[in-house]
2 protein chains.
Amino acid sequence: MEYSEAKQKFIQAWGTLGSNWGINKAMAQIHALLLLATEPLSAEEIMEELQMSRGNVNMNLRALMDWGIVKKEHKVGERKEFFTTGKDVWDLAKQVSKERRRREIEPILNVLEEVQKVSGDNKKEVAEFKKVTGDLFDFSVKVDSMIDKFTKSDQTWFYKLLMKF
Amino acid sequence: MEYSEAKQKFIQAWGTLGSNWGINKAMAQIHALLLLATEPLSAEEIMEELQMSRGNVNMNLRALMDWGIVKKEHKVGERKEFFTTGKDVWDLAKQVSKERRRREIEPILNVLEEVQKVSGDNKKEVAEFKKVTGDLFDFSVKVDSMIDKFTKSDQTWFYKLLMKF
DNA sequence: CAGTACTTTCAAATATTATTGAAAGTTAAT
DNA sequence: ATTAACTTTCAATAATATTTGAAAGTACTG
């Protein structure tokens, strides 16, 4: 397989995977491109390679920086900005987990906690409600703590985890 | 807090969480409603409670059945169909993990494996490409095997896992 | 078999989300 | 202070995804 074909295929697949996971396609594709790059890329180069508008590239680069997975760089003597992403898959997974935890698990924990305050245990529906939301809360707390451990761990942690079974 | 308010809040939140995870809002809300129900619900009742069209309820119920998390039931003497969902959070998590593994991890593994066949190791870009996609592949295989273990485990597995740290 | 009580389908309408591109903003050099 | 090189913003547009509702399909009942 030709390099250019493989590259396209990978960028495409990464974009699709991203969409499945609530990350927009352009964002995932820019990230894929940076993952493959052997040196920092400018917005211009990204526009060119992915055939995207300047605005789109700019917005998604900012989103990637918000997620903490892309960094700006400056080259000496160059005025424009260049972008890079870390190549360590473990770091990437940790960073993404950390952000999703903050953005998604925390809000649901808050809701689950709040709705537990419902009144009227005597009614069958309310009892069921408390049971279900309580179970979900307990589960979410456990997932949350697991992710927390993961994001603070090193690579070997996960290996060890797998060994255990 | 009133029961009806808490219920609304929970259904709403579950819908939002679903959207974040690539599950459409209606599907997640129907699931939430079934989670709270103390007895099987008919399509009619779901339409009524969630203010959704018949077609939408029908399609999303089918999707939930495809995911293996909602079941049809028949009441004696009743002609229409009723629906239920399991109330065990662990089973639910396992089922969802299993389906997402099949639908999402497997395809990406295939792509990563395929693009590894790129030719021309001598070039810097190709070397980088192989390294990055190879690392992603290794990582994905590990995640895959972890999920596989999870979906085959019982509740205590996760507890034990948490204890280890 | 005809009628009734339901479920399913799907093309069209609506809502949501992503993308563009041109104008406004910023910064650095002269 | 002006210009040039670049970045950011955002209203308009395009693309995508969801929802509707009415018609078609199915199957039970008498």
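Computed from a predicted model, the values in this text were never measured in an experiment. Chain naming here is simple, since letters A, B, ... match the order of the sequence lines and numbering starts at 1 in each.
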[options]: which one has an atom nearest the side-chain heavy atoms of [X]?
X	options	result
A:Asn56	D:dC6, C:dT7, C:dT19	C:dT19
B:Met59	C:dC10, D:dA27, C:dT8	C:dC10
B:Lys80	C:dT19, C:dT7, D:dC6	C:dT7

If the threshold is 4.0 Å, N to carboxylate O, is there a salt bridge linking [X] and [Y]?
X	Y	value
B:Asp148	B:Lys152	yes
A:Glu106	A:Arg100	no
B:Glu44	B:Lys80	no

Check the distance between [N]'s [atom2] and [X]'s [atom1] and give it to me in whole angstrom.
X	N	atom1	atom2	answer
B:Ile46	C:dT8	CD1	C1'	15 Å
B:Leu50	D:dT19	CG	P	11 Å
B:Leu61	C:dT9	CG	C1'	15 Å
A:Lys75	D:dC6	NZ	P	13 Å
A:Glu78	C:dA28	CD	P	15 Å
B:Trp21	D:dA17	CH2	C1'	21 Å
B:Phe82	C:dT7	CZ	C1'	14 Å
A:Lys25	D:dA14	NZ	C1'	13 Å

Practice problem: Select from B:Ser19 and A:Ser53 the residue whose nearest nucleotide in DNA chain C is closer to the 5' end of that strand. | Solution: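 Counting from the 5' end, the first nearest nucleotide belongs to B:Ser19.
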Quiz item: Mapping A:Arg79 and A:Asn60 to their closest nucleotides on DNA chain C, which lands nearer the 5' end?
Solution: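 Whichever sits nearer the 5' end wins; that is A:Asn60.
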What nucleic acid atoms does [X] come within less than 4.0 Å of, heavy atoms only: base, sugar-phosphate, or nothing?
X	value
A:Arg62	sugar-phosphate
B:Met52	sugar-phosphate
A:Asn24	sugar-phosphate
B:Glu44	nothing

Quiz prompt | Side chain to side chain, B:Arg101 and B:Val143, heavy atoms closer than 4.5 Å | solution =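 No. Closest side-chain heavy atoms not under 4.5 Å.
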Quiz item: Which sits closer to the 5' end of DNA chain D, A:Asn58 or B:Gly22, going by the nucleotide each is nearest to?
Solution: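 Whichever sits nearer the 5' end wins; that is A:Asn58.
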Exercise. Return yes if the base of C:dT7 and the side-chain atoms of B:Arg54 contain a donor-acceptor N/O pair under 3.5 Å, otherwise no.
Key: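 No such pair is found, so the answer is no.
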Exercise. Please answer whether the main-chain N or O of A:Val70 pairs with a side-chain N or O of A:Thr85 as donor and acceptor at a distance below 3.5 Å.
Key: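 No; zero donor-acceptor contacts below 3.5 Å.
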